[in-house]
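All remarks here apply to the structure that follows.
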Amino acid sequence: MLSKLANLIVWSPLILFALFLVYRHSDTVKATVDHAVSPAKSLVGQAKPNGSVPDAQLDQARNAYTNGDVTAAVNGYKTYIEQNPGNPDAHGELGNIFYAIGNFPEAAQAYYNAANLLIDQNQADRAAELIPLIGQLNAPLANDLSARLAQNNGQPTDAEQAGAQEQATLPPQSDPRYN
């Protein structure tokens with residue numbers, strides 16, 4: 001049993017890294033993956049929070065990520081969030097970048113920040129949808145968020161809680177609303 005666990009711990013990151021390298025350095029694979037996710041990206045690009053006009057700085061961060069410049073994208077999102085701390089979508093998109101590069105603690109924190117902003121903006125239903133993902137990455141943050149929702153009378157329904165329990169058994173995935 002211990003050797004299986006050791007194999008899992010050693011080989012999983014190596015396999016993920018190999019897949020990442022294949023994606024980054026194979027034009028065929030990259031083109032196929034990019035083509036498959038482009039409809040979702042275009043829908044997200046059209047959806048603007050509260051119907052507002054997109055900020056040029058936020059668009060630059062999005063474009064940097066689309067062009068594969070993760071460092072510029074992260075820096076762009078962080079700068080945007082410093083100047084516009086109340087945009088939950090920016091926090092969620094930053095979480096997706098952290099998730100994509102395997103920085104799960106930062107991803108959980110960014111999703112948690114987005115969910116807290118959603119609660120503050122009376123969008124408890126959207127915040128509740130993030131609980132299963134946050135729970136897979138950082139259970140204490142998810143518990144804190146659940147408690148805050150309950151305090152604000154925005155307690156998730158039994159179906160949402162059952163969905164969160166089911167999600168806990170699945171491998172984590174980034175939130176598609178922020179891709």
Side-chain angles (χ1 to χ4, degrees), residues 1-17 19-20 37 40 44 47 49-50 58 61-62 64-65 70-179:
M1 177 68 181
L2 186 58
S3 66
K4 287 182 181 180
L5 181 60
N7 280 333
L8 180 67
I9 290 171
V10 170
W11 287 105
S12 294
L14 291 174
I15 290 170
L16 289 173
F17 184 69
L19 290 173
F20 171 76
V37 298
V44 170
N50 303 324
L58 185 58
R62 289 174 176 153
Y65 182 71
V70 174
T71 302
V74 168
N75 291 336
Y77 276 107
K78 285 182 175 182
T79 301
Y80 177 83
I81 289 169
E82 285 176 11
Q83 297 172 359
N84 304 281
N87 184 336
D89 293 328
H91 287 273
E93 291 173 23
L94 179 60
N96 277 356
I97 292 173
F98 284 133
Y99 184 91
I101 62 173
N103 188 342
F104 300 127
E106 290 287 335
Q109 186 63 52
Y111 293 138
Y112 176 79
N113 294 342
N116 274 305
L117 288 170
L118 290 168
I119 293 170
D120 292 343
Q121 296 172 6
N122 296 319
Q123 298 182 51
D125 55 333
R126 285 184 65 198
E129 292 172 357
L130 291 170
I131 291 174
L133 175 59
I134 296 168
Q136 291 175 352
L137 301 173
N138 186 323
L141 288 180
N143 292 338
D144 182 57
L145 196 58
S146 294
R148 181 156 185 239
L149 281 170
Q151 251 180 356
N152 292 338
N153 295 325
Q155 186 171 6
T157 65
D158 292 341
E160 289 171 332
Q161 289 176 346
Q165 290 172 350
E166 288 176 12
Q167 285 288 337
T169 62
L170 299 174
Q173 300 176 2
S174 66
D175 194 329
R177 291 180 303 243
Y178 299 117
N179 286 334

**Asked** Taking side chain as C-beta onward, heavy atoms only, is Arg126 less than 4.5 Å from Asp89?
**Response** yes

**Fill in**
CD of Gln109 to CG of Leu94, rounded to nearest 0.5 Å, is 10.5 Å

**Message:** Test: salt bridge (Lys or Arg N to Asp or Glu O under 4.0 Å). Region: residues 109-120. Which pairs qualify, not counting sequence neighbours?
**Reply:** Asp120-Arg148

**Prompt:** Sequence neighbours excluded, which residues qualify as side-chain contact (heavy atoms from CB on, under 4.5 Å) partners of Ala127?
**Reply:** Ala115, Leu118, Ile119, Leu149

**Request:** Please round to the nearest 0.5 Å and tell me the distance separating atom CG of Asn96 and atom OH of Tyr111.
**Result:** 3.5 Å

**Message:** So, taking the atom named CD1 in Ile134 and the one named CG in Leu141, what distance separates them when rounded to the nearest 0.5 Å?
**Reply:** 7.0 Å

**Request:** Taking all non-hydrogen atoms of both residues into account, name the closest pair between Ala114 and Gly92 and its distance.
**Result:** CB-N, 3.9 Å

**Asked** Ile97 versus Tyr77: any side-chain heavy-atom pair under 4.5 Å?
**Response** yes

**Fill in**
So OH of Tyr112 and CG of Leu117: to nearest 0.5 Å the spacing works out to 11.0 Å

**Message:** According to salt bridge (Lys or Arg N to Asp or Glu O under 4.0 Å), does anything in residues 96-108 pair up with another residue at least two apart or in another chain? List the pairs.
**Reply:** none

**Message:** Strictly distance-based, threshold 3.5 Å: is any side-chain N or O of Asp144 a donor or acceptor partner for the main-chain N or O of Pro140?
**Reply:** no

**Complete:** Rounded to the nearest 0.5 angstrom, the CG-CG distance for Asn113 and Leu130 is 11.0 Å

**Request:** Using atom types as modelled and distance alone, determine if a side-chain donor or acceptor of His91 lies under 3.5 Å from a backbone N or O of Pro85.
**Result:** yes

**Asked** Where is the tightest heavy-atom contact between Ala64 and Ala73, given as atom of each residue plus distance?
**Response** CB-N, 3.7 Å

**Message:** Ignoring hydrogens, what is the shortest heavy-atom contact between Gly86 and Pro88? Give both atom names and the distance.
**Reply:** O-CD, 3.1 Å

**Fill in**
Rounded to the nearest 0.5 angstrom, the OG1-CG distance for Thr79 and Leu58 is 11.5 Å

**Prompt:** Considering only heavy atoms from C-beta outward, does the side chain of Asn138 approach that of Pro105 to under 4.5 Å?
**Reply:** no

**Asked** With a 6.0 Å cut-off on ring centres, are Phe104 and Tyr99 close enough?
**Response** yes

**Candidate pair Val74 and Phe98, rule side chain to side chain contact (heavy atoms under 4.5 Å, CB included), full reasoning** = CA-CA 8 Å; Val74 168; Phe98 284 133; 4.0 Å; yes

**Message:** Is there a side chain to side chain contact (heavy atoms under 4.5 Å, CB included) between Asn87 and Ile81? Walk through the geometry before answering.
**Reply:** CA-CA 7 Å; Asn87 184 336; Ile81 289 169; over 6 Å; no

